[in-house]
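See below for the structure under consideration.
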Amino acid sequence: MLDDDEPALTPEIIELCRWAAEYYIAPLGEMLRTALPANMSARGRREVVLVAEDPSRTLDSDLPLINELRKRPLPLATIFQEMRVPRSAIDRLRDAGIIAVRDRLQDAKGVRYDRFVVFETAPDLLKGKQLEAVELLQSRGGEMSVRALENAGIGASTLSTLARKEIVRIERRPRRHTLDAFLAGLDPGSISEFRYSAEQRAAIDAVMTSLGTFAPFLIEGVTGSGKTEVYIELMREVVKRGEQALLLVPEISLTPVFAARLKERFGDRIAILHSSLSPSERYDQWWRARRGEVDVAIGPRSALFTPFPRLGLIVVDEEGDGAYKQEETPRYNARDLAVVRAQSRKIPIVLGSATPSLESRENAAKGKYTLIKMLSRVEARPLPDVEVLDLRKEKGEKEDRGFVIFSSTLREALRQTFALGEQAIILINRRGYAPFLLCRECGHEFRCHDCSVTLTVHRREGILLCHYCGFRTRIPAKCPLCSGEVLQPVGFGTEKVEERFRRDFPEVPVEVLDRDSTRKKGELVRILDRFRTQQTQALIGTQMLSKGHHFPNVTLTGVLNADSILGYPDFRSAEKTFYLLTQVAGRAGRGELRGKVMIQTAFPMHYAIQHALRHDYEAFYESEIQFRRTFHYPPVTSMIALVFRGEKLPDVEKAAIESGRRIEEAVAPLAGTRMQGPAPAPLARIKGVWRYHILIRSPHRVSLRRAIETAMLGKKWKGVDVAIDVDPLNML
Ligand code: ADP
Ligand code: ZN
């Protein structure tokens, strides 16, 4: 079967895209493109195929075209422009049923093709190689790749002779891929038979009774409560009913072991849409789902558009994770669209997290979602002890200029952990050596020319690097302003933590897990593997390390700068901090051994930290929703952000101010609507582009969207790009 014979997007997905385009005030075309596998152009080329030859209804002038079409389908453009066939001829031939015009998706960039030989008609009196080829083909069910035939000693000339005699047909097909390379060497962990806990059973039963109807569930389950097993069991039930299941995860490359576990349960009937797939692999996975060759798909936000014909269940794991939001046009949130898809398909949807987003938890409070709580870890394993270390009471080492990397308490705890042969994770939310370089003489700090941020010191590479635009320059020997020769890295990132760790614990094997150390393909899996098999005893990592992993021998997790997020000008900074700390705490003590988490902070009494300390999501939710109510922030209000970007500051300013005026007028009738800005965004410049923003909050969700849409409809400014962000997550 040739893939271009089928329409690429199912009506269900097209409908979903339509809904999303309207809700997110985004162009439908962009939305449709997002729904297709990477690099596949939705616009498509139109082409002409020969359907049935009928000499009685063709003119002599049609013959050159028909002859060409006999060999292969031709793009319409070629027919009009190169062959100079008039449009009227095409219409006539089409009406006569001789040819057909169809949309053909442009070849996805990077997709590899294999040529296949398909046996067609029974030959009479073949000899030698030709006979050999036909017999081989027949013995293999009538189809083989050209390569396989060549390996069997059948050359290209034999094949083309057979093709000319129409004994075989040669087809080009997108290459098929297996997931074996991705999963190679992964141990899915022992899946011993176990009995579901009462909480797991209750969760499974609740969702099971809703199969076949739209029913949204929010599973609020502490880390290690066995949510993943609940998802897997539900997916199995759905597959048993002959339906398909979709599991969305924030970033699957971070959880290859999880993928391996699923693969073990569902065998080859699973599509894994992880981000390190090549375009060719992605394309293949997508089509396998489209053709119903798989029952289960797991992937990041774009996997929401998997064209399953009989979708029976959607699960969104870590539903509060920011990775579900696409931060470029179309700016959709896959978690929210998943609910929309479930509603239109009339199927249940399960949102799960240890730290649900305020949005989802509030929906549960209002009765829109059914709340399922899973409050204890399986097999009554205890949650790790969390201890807060007050940085204000610590004295930093002199060379660290007031910064504390390892407090004395944390250092001692690490020492004890290693002495027992156990493992530790150290979390530091910043890569590189230090976030900036300072001239001790004149106080000059090195900043990016194109972005409003300082350059990060990467000492091993000997460079200053902009983490926003990638600008890099060698670490200078002296200050360009005053020629001072003492240039001091200030603050610390993974690289410096590693340096300090090696000094303090020279005998402990350690590795770093961050974007720099995992740039090489496969390196991420290898680093995690060495840690899991205890070849390394400590792992220093960024946020990449806080999710999903399961290391039974880890008994201590240290968080070095828990405050880094709290300082952001973002109304969600407490939520993000609580989320991060809870995720991190969830990594510790998942095996037989009791775990401990130590959080270094200068704000030990902050409620996000205090509630994380007690693993008390509900208490956090109560405090946080109160804050949102008092200050009219989502989910109590609905928010739309507009970001104006351009290379010339006056242009950007003008566009923002004009829009601000229009919007102010448009929202005036909506009581309780608040507007902040226009003002420079907190990151006022990125990659040489100036940024202004306007934030609008209102209790009237639908009217707000309409007002903004009307105010901005058709508005364009030269050199300024306007992004409308509905339900924004990123406030910078
Ligand atoms: P969560 O997703 O809530 O963090 P998981 O589903 O990953 O939790 O479960 C944590 C660990 O406990 C996994 O290793 C899993 O295989 C195991 N597990 C899950 N359910 C049970 C159970 N009922 N009995 C024993 N072990 C279980
Ligand atoms: Zn920059």
Side-chain angles (χ1 to χ4, degrees), residues 187-204 218-236 247 249-250 254-255 257-262 264-265 298 315-319 321 350-356 372-384 432 435-436 445-456 458 463-473 532 546-554 582-593 595 615 617 647 683-691 732:
D187 169 15
S190 54
I191 306 184
S192 45
E193 282 306 311
F194 48 67
R195 295 196 25 219
Y196 292 117
S197 69
E199 284 180 336
Q200 283 175 313
R201 196 70 259 168
I204 292 165
L218 175 62
I219 298 186
E220 177 190 322
V222 296
T223 54
S225 58
K227 294 185 292 298
T228 310
E229 292 301 332
V230 170
Y231 308 153
I232 291 175
E233 177 62 16
L234 289 170
M235 293 193 292
R236 279 210 293 217
L247 171 60
V249 292
L254 297 182
T255 52
V257 175
F258 179 38
R261 239 161 101 189
L262 283 168
E264 194 161 278
R265 302 293 179 85
I298 163 170
V315 178
V316 184
D317 190 25
E318 304 300 354
E319 64 87 29
D321 198 288
V350 176
L351 309 178
S353 179
T355 55
I372 299 175
K373 289 190 189 175
M374 295 172 62
L375 299 174
S376 45
R377 284 190 158 181
V378 293
E379 302 188 313
R381 287 170 203 158
L383 282 158
F436 61 100
E445 35 169 64
F446 292 76
R447 304 186 69 87
C448 179
H449 293 294
D450 292 329
C451 309
S452 16
V453 293
T454 55
L455 295 169
T456 303
H458 286 249
I463 57 164
L464 298 177
L465 178 70
C466 174
H467 283 183
Y468 280 87
C469 73
F471 168 81
R472 52 171 62 211
T473 180
R532 207 155 36 80
S546 62
K547 291 176 191 164
H549 310 296
H550 182 51
F551 306 111
N553 196 44
V554 169
T582 306
Q583 292 296 321
V584 173
R587 295 309 103 215
R590 288 170 68 98
E592 306 293 310
L593 304 167
H615 310 281
Y617 172 79
E647 285 177 13
L683 278 168
R685 198 160 180 247
I686 298 181
K687 298 185 194 180
V689 172
W690 293 98
R691 305 166 76 244
L732 298 184

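Both counts, for ligands and for their atoms, begin at 1 and track the order of listing.
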Worksheet entry | N or O pair under 3.5 Å between R195 and ligand 1 |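 Right, the criterion is met.
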Practice prompt. Kindly confirm or rule out an N or O of V378 lying under 3.5 angstrom from an N or O of ligand 1.
Written response: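 N/O-N/O distance below 3.5 Å does not exist for this pair.
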Heavy-atom contacts with [X] under 4.0 Å: which atoms of ligand 1 show up? List them by number with element.
X: V222; answer: 3 (O)
X: E229; answer: 6 (O), 16 (O), 19 (C), 20 (N)
X: S197; answer: 23 (N)

Determine the minimum heavy-atom distance between [X] and [Y], stating which atoms define it.
X: T454; Y: P435; answer: OG1-O, 2.9 Å
X: G470; Y: L465; answer: O-CD1, 3.7 Å
X: C469; Y: K687; answer: CB-CG, 3.3 Å

Fill in: Audit row: R265, E229, salt bridge (charged side-chain N to carboxylate O under 4.0 Å, His left out) steps and yes/no
CA-CA 11 Å; R265 302 293 179 85; E229 292 301 332; 3.3 Å; yes
Worksheet item: Between E318 and Q583, does any side-chain donor sit less than 3.5 Å from a side-chain acceptor?
Response: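 Yes.
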Discussion item. Take a 6.0 Å sphere around OH of Y196 and say whether it holds more than 12 heavy atoms from other residues, nucleotides or ligands.
Written reply: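 Yes, enclosed.
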Worksheet item: Taking the side chain as C-beta and beyond, is there a heavy-atom pair between Y231 and D317 under 4.5 Å?
Response: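 Of all side-chain heavy-atom pairs linking D317 with Y231, at least one is under 4.5 Å.
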Worksheet item: Out of A354, G224, A198, who gets a non-hydrogen atom closest to atom 4 (O) of ligand 1?
Response: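 Among A354, G224, A198, the closest heavy atom to atom 4 (O) of ligand 1 belongs to G224.
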Practice prompt. Check whether any heavy atom of G221 sits under 4.0 Å from an atom of ligand 1.
Written response: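 Checking ligand 1 against G221, which is what was asked, there is no heavy-atom contact under 4.0 Å.
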Discussion item. With a cutoff of 4.0 Å, is D317 in contact with ligand 1, counting heavy atoms of the residue only?
Written reply: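 Flag not set, D317 not near ligand 1.
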Item to complete: Identify, with sequence neighbours excluded, every residue that meets ring-ring contact (aromatic ring centres under 6.0 Å, His included) alongside F436.
Response: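 Partners of F436 by the ring-ring contact (aromatic ring centres under 6.0 Å, His included) criterion come out as none, since no residue qualifies.
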Worksheet item: Can you name the ring-ring contact (aromatic ring centres under 6.0 Å, His included) partners of H615, sequence neighbours left out?
Response: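 Scan of H615 (ring-ring contact (aromatic ring centres under 6.0 Å, His included), adjacent residues dropped) gives none.
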Worksheet item: Who pairs with E445 by salt bridge (charged side-chain N to carboxylate O under 4.0 Å, His left out), at least two apart in sequence or on another chain?
Response: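 Testing E445 for salt bridge (charged side-chain N to carboxylate O under 4.0 Å, His left out), a comparison that skips the adjacent residues, returns R447.
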Discussion item. Around the Zn ion (ligand 2), how many protein N, O or S atoms are found at less than 2.8 Å?
Written reply: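 Those protein atoms number 4 in total.
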